[in-house]
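Order of the sequence lines fixes the chain letters, A, B, ..., with proteins taken first and strands second; residue numbering starts at 1 for each chain.
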Amino acid sequence: MYAQMVKTDAARVKSLDEMEPQERTFQERVDQGQKIEPKEWMPEGYRKTLIRQISQHAHSEIVGQLPEGNWITRAPTLERKAILLAKVQDEAGHGLYLYCAAETLGVSRDEMYEQLHSGKAKYSSIFNYPTLTWADIGAIGWLVDGAAIMNQVPLQRCSYGPYARAMVRICKEESFHQRQGYDILMKMVKGTPAQKAMVQDALNRWWWPSLMMFGPSDDASVHSAQSMAWKIKQNSNDELRQKFVDQTVPQAEYLGLTVPDPDLKWNEEKGGYDFGEPDWEEFFNVIAGNGPCNAERLDARRKAWDDGAWFRDGLTAHAEKAAGRRAAAKIAAE
Amino acid sequence: MATAAVDPAARQAALFEFLARIGDNALILGHRVSEWCGHAPALEEDIALANTALDLIGQTQLWLGLAGEVEDKGRSADDLAYLRDGYEFRNILLVERPNGDFGKTLMRQFLFDAWHYLLLKALKGSSDRRIADIAEKAFKEVSYHLDRSRDLVIRLGDGTAESHSRMQASLDELWAFTGEMFMSDALDAELAEAGIIPAPQSLKPGWDEIVAEALTEGTLKKPADGYMHRGGRRGVHTEHLGFILAEMQFLQRAYPGATW
């Protein structure tokens, strides 16, 4: 899940009877599954929640370039290098669609960057973990993109049109990403003992952070209830996490790997796995900025932005000059 | 009409050398460009750079793949990319220059693209069908690279005082690495004679024209043609290449024989 713990400003979810006519009409349309489009009336809380969620999602895509980008120059074959480049390029593209979707809600990309760089806006906790071996690139595709798909497939039915449509396109690419990740690992587990050990080590390190991507249990959260009422969110965090575990454990077994959870057990009655609790203290620490790579990730983004100021200013200055010259030529011609 | 007199082993060696030169240029520049991934000054630039690097890596696969085929010793494109040492690499020194700021990366790209474009355009008419086919595909990609790098060099040259001075400084520094593109040796002469490649110096007037036009429009001053660095084409590189290879070849070297 690329957006975690998104706040809604709601103290509690209002019933239809408590709403003013305009809001009631809006809610009824959402309830009927109609899409809300940018120019239409929407509650301020809905708009703000979407901005938080979509921008957090966009930030996750661009910060997410960094851990994978870390291995582009060390990819083991030309084909792997090309695939990884294409994947990271897709992530940047996803960031672009999402920033555009957020802009339809009245916030600029520069403002969103500013919020990211100041630490005010968050991005997914998962990207604060390091990529230490090539197997991590496989594990990210398999687990991280796998978890993202779990969350993003229902988001294609989100009530806000531009976000839902961006998600349709993103989901198609994410399934390719997940397959390429799994393919990297398939190749490695069929390889040398050192390669197999590398894959197991990657699973050991990425398993719990991947489960944390869904966020802590939100059954009692008013923000989640409000997001669900607005159809920005469709499933609870626990539901999605369960689905992810149920899907992923057989894939781990197929690879001949051991999931690092002693409590993991098939539960015939519920038709799913029982599994242990992620270390939520670690999760909150990562969210608070204390993850292994928080400082590097944010510094890299800030540096890219600050070092690029002259470039952006140069292009703007040129565009202004060119417009001035066109205007002068037009006057001269008249 | 060099036919009967051609020594097949010598022709094969010359062809391999040429393919290594063009393939290594794409590989090393693709590597350098990919170093930017996630660090570009705008999201659109991250996307464009990844795209450029991707094209160059794709071209590397084709050129080095054909090099291995021509050599006929069972070496694949990956073997050539990952298991040769620096002295066996044949790229020009320009492409191994460090990225520097974004302006230097763009200037390097432009100076290279203008040449690469003309080279591929000529190679589309190569008497060797295999080379002509690869050039046909690569030419389309590189035409776009040139459009983009030329456009940005012009805009930044004629942008702010700062962007202008950065672009001028990059141009001044990189200029001495452009001469190698037009240098020729006996191998080039032989292949040019056979209509397989254009004579390197024949590309110079066209390159001068593309570069001069862009620099004028971008209010940049063409540096004087002084000493030109050379060596890459015969395997004598700068210290930078060793580090590129140490990074690029790490997994293949650390785990010999493993497949990925």
Side-chain angles (χ1 to χ4, degrees), chain A residues 58 61-82 84-93 95-96 99 109 113 133-134 184 187-188 190-192 194-195 198 300-301 303-319 321-322, chain B residues 27 30-51 53-55 57-58 60-61 64-65 76-78 80-82 101-103 106 152 154-164 166-167 218 244 247-252 254-255 257-260:
Chain A
E61 297 283 358
I62 60 160
V63 176
Q65 291 181 90
L66 299 170
E68 291 183 285
N70 185 37
W71 278 89
I72 287 177
T73 53
R74 287 178 289 172
T77 68
L78 294 169
E79 193 186 356
R80 291 287 181 207
K81 193 196 287 278
L84 185 56
L85 264 166
K87 175 175 193 276
V88 178
Q89 186 190 26
D90 283 349
E91 322 267 352
L96 199 56
Y99 283 124
R109 205 202 300 182
Y113 276 160
T133 72
W134 175 249
I184 287 176
K187 194 93 180 177
M188 290 180 74
K190 287 183 192 155
T192 65
Q195 286 177 299
M198 223 185 276
R301 289 310 312 170
K303 186 173 185 310
W305 185 248
D306 294 344
D307 289 357
W310 72 268
F311 169 84
R312 298 186 302 273
D313 293 346
L315 294 186
T316 308
H318 180 83
K321 281 187 200 179
Chain B
L27 175 59
H31 180 99
R32 278 295 191 217
V33 173
S34 77
E35 289 174 3
W36 273 102
C37 194
H39 304 276
L43 194 45
E44 287 81 354
E45 293 305 312
D46 260 323
I47 295 173
L49 285 181
N51 202 53
L54 195 51
D55 288 343
I57 297 304
T60 305
Q61 289 177 289
L64 293 185
S76 65
D78 280 340
L80 292 171
Y82 291 93
D101 67 8
F102 201 66
L106 287 172
L152 285 170
I154 292 169
R155 286 166 188 255
L156 294 168
D158 186 24
T160 59
E162 184 182 1
S163 72
H164 176 85
R166 282 175 184 261
M167 296 314 282
I244 292 176
E247 188 172 342
M248 186 174 86
Q249 299 179 338
F250 158 66
L251 282 166
Q252 291 285 353
Y255 301 93
T259 53
W260 304 91

Keeping A/R312 on the side-chain end and B/P41 on the backbone end, is there a donor-acceptor pair under 3.5 Å? yes
Residue among B/H164, B/M167, B/E44 with most heavy-atom pairs under 4.5 Å to chain A: B/E44
So does B/C37 get a backbone contact from the side chain of B/D46, meaning a donor-acceptor N/O pair under 3.5 Å? no
How far apart are the C-alpha atoms of A/F311 and B/L152, what are their side-chain angles, what is the distance that settles it, and do they pass the side-chain contact (heavy atoms from CB on, under 4.5 Å) test? CA-CA 10 Å; A/F311 169 84; B/L152 285 170; 4.3 Å; yes
Keeping A/H318 on the side-chain end and B/D158 on the backbone end, is there a donor-acceptor pair under 3.5 Å? yes
Tell me every residue that passes ring-ring contact (aromatic ring centres under 6.0 Å, His included) with A/Y113, counting only those two or more places apart in sequence or in another chain. A/Y99, A/H117, A/W305
Is A/K81 salt-bridged to B/E247, cutoff N-O under 4.0 Å? no
Residue A/L315 versus chain B: region with a heavy atom under 4.5 Å: both
Counting only heavy atoms closer than 4.5 Å, note whether A/E91 contacts chain B via side chain, backbone, both or neither. neither
Side chain, backbone, both or neither of A/D307 within contact of chain B (heavy atoms, under 4.5 Å): neither
Under 3.5 Å: donor-acceptor pair, side chain of B/Y255, backbone of A/A194: no
Specify which of B/L43, B/D78, B/L251, B/T160 makes the most heavy-atom pairs with chain A at under 4.5 Å. B/L43
Engaged part of A/A86 at the chain B interface, taking heavy atoms whose separation is under 4.5 Å: both
Which atoms of B/Q252 come close to chain A, meaning under 4.5 Å heavy atom to heavy atom: side chain ones, backbone ones, both, or neither? side chain
Has A/K190 got more than 12 heavy atoms of other residues, nucleotides or ligands less than 6.0 Å from its NZ? no
With only heavy atoms counted, which part of B/R32 is less than 4.5 Å from chain A, the side chain, the backbone, both or neither? neither
Less than 4.5 Å to any heavy atom of chain B: does that hold for the side chain of A/L78, its backbone, both, or neither? both
Quick one: of A/V88, A/T73, A/L85, who has the most non-hydrogen atom pairs under 4.5 Å with chain B? A/T73
Heavy-atom distance under 4.5 Å to chain A: side chain of B/L49, backbone, both or neither? neither
For each of B/N51, B/I244, B/L27, B/I154, tally heavy-atom pairs with chain A at distances under 4.5 Å, and name the one with the top tally. B/N51
Polar side-chain atom of A/R80 near backbone of B/W260 as donor-acceptor pair, under 3.5 Å: yes
Below 4.5 Å from any heavy atom of chain A, which atoms of B/E45 appear? Answer side chain, backbone, both or neither. side chain
B/A53 versus chain A, the contacting section by heavy-atom distance below 4.5 Å: both
Heavy atoms only, distances under 4.5 angstrom: which of A/K303, A/Q89, A/K187 has the most pairs with chain B? Name it, please. A/Q89
Side chain, backbone, both or neither of B/L106 within contact of chain A (heavy atoms, under 4.5 Å): side chain
With a 4.5 angstrom heavy-atom cut-off, which part of A/T192 approaches chain B: side chain, backbone, both or neither? side chain
State, to 0.1 Å, how close B/H31 and B/I57 come at their nearest heavy-atom pair, and which atoms those are. N-CD1, 4.5 Å
Relative to chain B, which of A/P76, A/A92, A/G314 shows the most heavy atom pairs under 4.5 Å? A/P76
Over 12 foreign heavy atoms within 6.0 Å of CD, A/E79: no
Could you look at A/R74 and say if it's the side chain, the backbone, both or neither that has a heavy atom under 4.5 Å from chain B? both
In chain order, what residues pass the ring-ring contact (aromatic ring centres under 6.0 Å, His included) check against A/W310, with sequence neighbours excluded? none
Most heavy-atom pairs under 4.5 Å with chain B, out of A/R301, A/M188, A/E68, A/Q195, belong to A/Q195
